[in-house]
Amino acid sequence: QVQLVESGGGLVQAGGSLRLSCAASGSIFSINVMGWYRQAPGKQRELVATIRRSGNTNYADSVKGRFTISRENTKNTAYLQMNSLKPEDTAVYLCNAVSASGPSFWGQGTQVTVSS
């Protein structure tokens, strides 16, 4: 009975910005880690950014300095602010959450397309 609801994807020009949101709901008492991954056609899913309940973050080198992950712990919601977008950022962005009891959950993904 757990659901991750993603929003914020869309089509933007290179250099533009988007903010992605991921809200977890259902039978989750506590979430230790929330994060964003992305998968482009023909490529493997890759880590974009993660954030722990403590606030510690981790970023892929390709997005460091351009993307910022944040979270609201009481709402079990994570955000990804994406600035200076490049065409190579085009992908389906997937939200992930890991609960304190162990289970991991994935959202269905939101499409981000960056045009030249």
Side-chain angles (χ1 to χ4, degrees):
Q1 303 285 353
V2 177
Q3 184 180 19
L4 299 180
V5 180
E6 299 157 301
S7 62
L11 173 64
V12 298
Q13 293 183 329
S17 298
L18 287 172
R19 189 180 74 147
L20 307 183
S21 300
C22 174
S25 62
S27 301
I28 302 176
F29 295 141
S30 181
I31 295 176
N32 286 339
V33 184
M34 298 190 75
W36 291 94
Y37 294 72
R38 67 186 181 187
Q39 187 166 23
K43 296 183 178 180
Q44 291 184 304
R45 186 175 299 178
E46 65 175 345
L47 170 71
V48 177
T50 60
I51 184 167
R52 304 187 69 86
R53 210 173 203 282
S54 64
N56 286 353
T57 58
N58 184 44
Y59 295 93
D61 288 340
S62 60
V63 307
K64 191 172 297 183
R66 298 188 297 120
F67 293 6
T68 303
I69 188 170
S70 60
R71 67 183 290 177
E72 298 180 26
N73 291 335
T74 57
K75 294 183 177 180
N76 287 328
T77 301
Y79 306 92
L80 186 69
Q81 180 65 46
M82 310 165 67
N83 298 327
S84 301
L85 284 162
K86 305 174 181 179
E88 49 263 45
D89 294 319
T90 296
V92 174
Y93 283 71
L94 298 149
C95 181
N96 174 255
V98 181
S99 72
S101 60
S104 179
F105 311 97
W106 290 92
Q108 296 189 54
T110 183
Q111 178 70 46
V112 172
T113 303
V114 185
S115 62
S116 300

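A quick note: this is a predicted structure, and the numbers were derived from the prediction, not measured.
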Could you list the donor-acceptor pairs under 3.5 angstrom formed by side chains in residues 42-50, with sequence neighbours left out?
residue	atom	partner	partner atom	Å
Glu46	OE2	Arg38	NE	2.7
Glu46	OE2	Arg38	NH2	3.3

Which atom pairs, donor and acceptor, lie under 3.5 Å between side-chain atoms of residues 100-111 and protein residues at least two apart or in another chain?
residue	atom	partner	partner atom	Å
Ser101	OG	Ser99	OG	3.1
Ser104	OG	Asn96	ND2	2.9
Thr110	OG1	Gly9	N	3.3
Gln111	NE2	Ala91	O	3.4
Gln111	NE2	Thr113	OG1	3.3

- Spacing of OG belonging to Ser25 relative to NZ belonging to Lys75, to within rounding of 0.5 Å: 13.5 Å
- Out of curiosity, Tyr37 OH to Leu80 CG, how far, rounded to the nearest 0.5 Å? 12.5 Å
- Gln81: side-chain hydrogen bond (donor to acceptor under 3.5 Å, both in side chains) partners, not counting sequence neighbours: Asn83
- Non-neighbouring partners of Ser84 that pass side chain to side chain contact (heavy atoms under 4.5 Å, CB included), sequence neighbours left out: Arg66
- Fellow cluster residues of Leu11, listed by chain then number, with links counted only when side-chain atoms sit under 4.5 Å apart: none
- Item | Met34 to Asn76 - nearest heavy-atom pair and separation | CE-O, 3.5 Å
- Item | Reported OG1-to-CD1 distance for the pair Thr77 and Ile31, which is rounded to 0.5 angstrom | 8.5 Å
- Residue set satisfying salt bridge (charged side-chain N to carboxylate O under 4.0 Å, His left out) with Lys86, at least two apart, ordered chain then number -> none
- Query: Which residue pairs pass the disulfide bond (SG atoms under 2.5 Å apart) test when at least one of the two sits in residues 87-116, sequence neighbours left out?
  - Reply: Cys22-Cys95
- Who pairs with Tyr79 by side-chain hydrogen bond (donor to acceptor under 3.5 Å, both in side chains), at least two apart in sequence or on another chain? Glu72
- Taking only residues two or more places apart in sequence or in another chain, which ones pass side-chain hydrogen bond (donor to acceptor under 3.5 Å, both in side chains) with Ser21? none
- Query: Taking atom CZ of Phe67 and atom OG1 of Thr57, what is their separation to the nearest 0.5 Å?
  - Reply: 14.5 Å
- Does Ile51 belong to the same Ile/Leu/Val/Met/Phe/Trp/Tyr cluster as Tyr59, with side-chain heavy atoms less than 4.5 Å apart forming each link? yes
- Item | With sequence neighbours excluded, residues passing side chain to side chain contact (heavy atoms under 4.5 Å, CB included) with Val12 | Leu18, Leu85, Val114
- Item | Cluster link Ile69 to Val33, ILVMFWY, side chain under 4.5 Å | no
